Amino acid sequence: MGEKFELEMEEEFLEFAKEDLIKIQNPTPRDLLFFVLEKNKEKFETEKKLQSILKRLEKELN
(Lines give C-alpha, C1' and ligand atoms only; values in the text may rest on other atoms or scores of the structure.)
Protein backbone atom coordinates (compact mmCIF):
# COMPACT_ATOMS: atom_id res chain seq x y z
CA MET A 1 0.00 0.00 0.00
CA GLY A 2 2.07 2.93 1.20
CA GLU A 3 -0.05 5.40 -0.74
CA LYS A 4 -0.29 8.95 0.48
CA PHE A 5 -3.26 11.15 -0.18
CA GLU A 6 -4.54 14.47 0.95
CA LEU A 7 -8.07 15.10 2.16
CA GLU A 8 -9.78 18.37 2.69
CA MET A 9 -12.51 17.95 5.28
CA GLU A 10 -14.33 20.15 7.66
CA GLU A 11 -13.00 19.85 11.20
CA GLU A 12 -16.36 18.63 12.50
CA PHE A 13 -16.44 15.68 10.08
CA LEU A 14 -12.79 14.86 10.78
CA GLU A 15 -13.57 14.53 14.49
CA PHE A 16 -16.56 12.34 13.61
CA ALA A 17 -14.46 10.03 11.41
CA LYS A 18 -11.24 10.14 13.45
CA GLU A 19 -11.81 6.85 15.29
CA ASP A 20 -12.65 5.03 12.05
CA LEU A 21 -9.56 6.42 10.33
CA ILE A 22 -7.37 5.19 13.19
CA LYS A 23 -8.95 1.71 13.01
CA ILE A 24 -8.15 1.25 9.32
CA GLN A 25 -4.53 2.42 9.39
CA ASN A 26 -2.96 -1.03 9.95
CA PRO A 27 -5.80 -3.54 10.10
CA THR A 28 -5.57 -7.29 10.02
CA PRO A 29 -7.96 -8.91 7.53
CA ARG A 30 -10.18 -9.93 10.47
CA ASP A 31 -10.21 -6.39 11.88
CA LEU A 32 -11.07 -4.96 8.47
CA LEU A 33 -13.90 -7.46 7.99
CA PHE A 34 -15.42 -6.64 11.38
CA PHE A 35 -15.05 -2.91 10.70
CA VAL A 36 -16.91 -3.21 7.38
CA LEU A 37 -19.62 -5.42 8.89
CA GLU A 38 -20.06 -3.04 11.81
CA LYS A 39 -20.50 -0.06 9.47
CA ASN A 40 -22.95 -1.97 7.26
CA LYS A 41 -24.96 -3.00 10.34
CA GLU A 42 -25.10 0.61 11.55
CA LYS A 43 -26.24 1.78 8.11
CA PHE A 44 -28.91 -0.95 7.95
CA GLU A 45 -30.25 -0.08 11.43
CA THR A 46 -30.31 3.64 10.65
CA GLU A 47 -32.18 3.08 7.38
CA LYS A 48 -34.66 0.81 9.15
CA LYS A 49 -35.33 3.48 11.81
CA LEU A 50 -35.77 6.16 9.13
CA GLN A 51 -38.23 3.98 7.21
CA SER A 52 -40.22 3.45 10.40
CA ILE A 53 -40.34 7.18 11.06
CA LEU A 54 -41.43 7.90 7.48
CA LYS A 55 -44.23 5.32 7.72
CA ARG A 56 -45.51 6.89 10.95
CA LEU A 57 -45.40 10.36 9.38
CA GLU A 58 -47.31 9.12 6.32
CA LYS A 59 -49.99 7.60 8.58
CA GLU A 60 -50.32 10.83 10.54
CA LEU A 61 -50.61 12.91 7.38
CA ASN A 62 -53.32 10.67 5.87
Side-chain angles (χ1 to χ4, degrees):
M1 296 191 133
E3 294 180 37
K4 290 188 177 187
F5 56 93
E6 189 173 320
L7 293 175
E8 292 185 26
M9 293 186 229
E10 292 190 26
E11 190 68 29
E12 186 177 320
F13 179 75
L14 185 57
E15 285 300 314
F16 174 77
K18 190 176 192 176
E19 186 177 315
D20 292 341
L21 293 171
I22 290 169
K23 283 182 185 178
I24 62 172
Q25 279 183 356
N26 294 307
T28 64
R30 183 174 189 256
D31 292 339
L32 193 53
L33 175 63
F34 280 109
F35 176 75
V36 169
L37 291 174
E38 177 185 349
K39 292 301 165 193
N40 285 339
K41 181 181 177 202
E42 289 175 13
K43 180 180 176 186
F44 173 78
E45 290 174 347
T46 301
E47 287 177 2
K48 195 171 181 179
K49 288 176 187 176
L50 287 172
Q51 288 175 355
S52 174
I53 291 169
L54 287 173
K55 284 180 184 177
R56 280 189 272 151
L57 285 172
E58 286 176 357
K59 284 181 183 179
E60 288 182 21
L61 292 174
N62 291 329

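Because the structure is predicted, anything quoted here is derived from the model rather than measured.
- Residue-environment remark: CD (E15) exceeds the threshold of 12 foreign heavy atoms within 6.0 Å.
- The neighbour count for F35 CZ, taken as heavy atoms of other residues, nucleotides or ligands under 6.0 Å away, is above 12.
- With rounding to the nearest 0.5 Å, the separation of CG in L32 from CG in L37 is 9.5 Å.
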* Test K48 against F44 for side-chain contact (heavy atoms from CB on, under 4.5 Å), laying out the working first. => CA-CA 6 Å; K48 195 171 181 179; F44 173 78; 4.2 Å; yes

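- The side-chain heavy atoms of K39 and E42, taken from C-beta on, include a pair separated by under 4.5 Å.
- Here the straight-line distance linking atom CD1 of I24 with atom CG of D31 works out to 12.0 Å at 0.5 Å rounding.
- The pair K23-E19 meets the salt-bridge criterion, with a side-chain N (NZ, NE, NH1 or NH2) lying under 4.0 Å from an Asp/Glu carboxylate O.
- Of the listed residues (K49, E45, K43), just one forms a side chain to side chain contact (heavy atoms under 4.5 Å, CB included) with E47, and that residue is K43.
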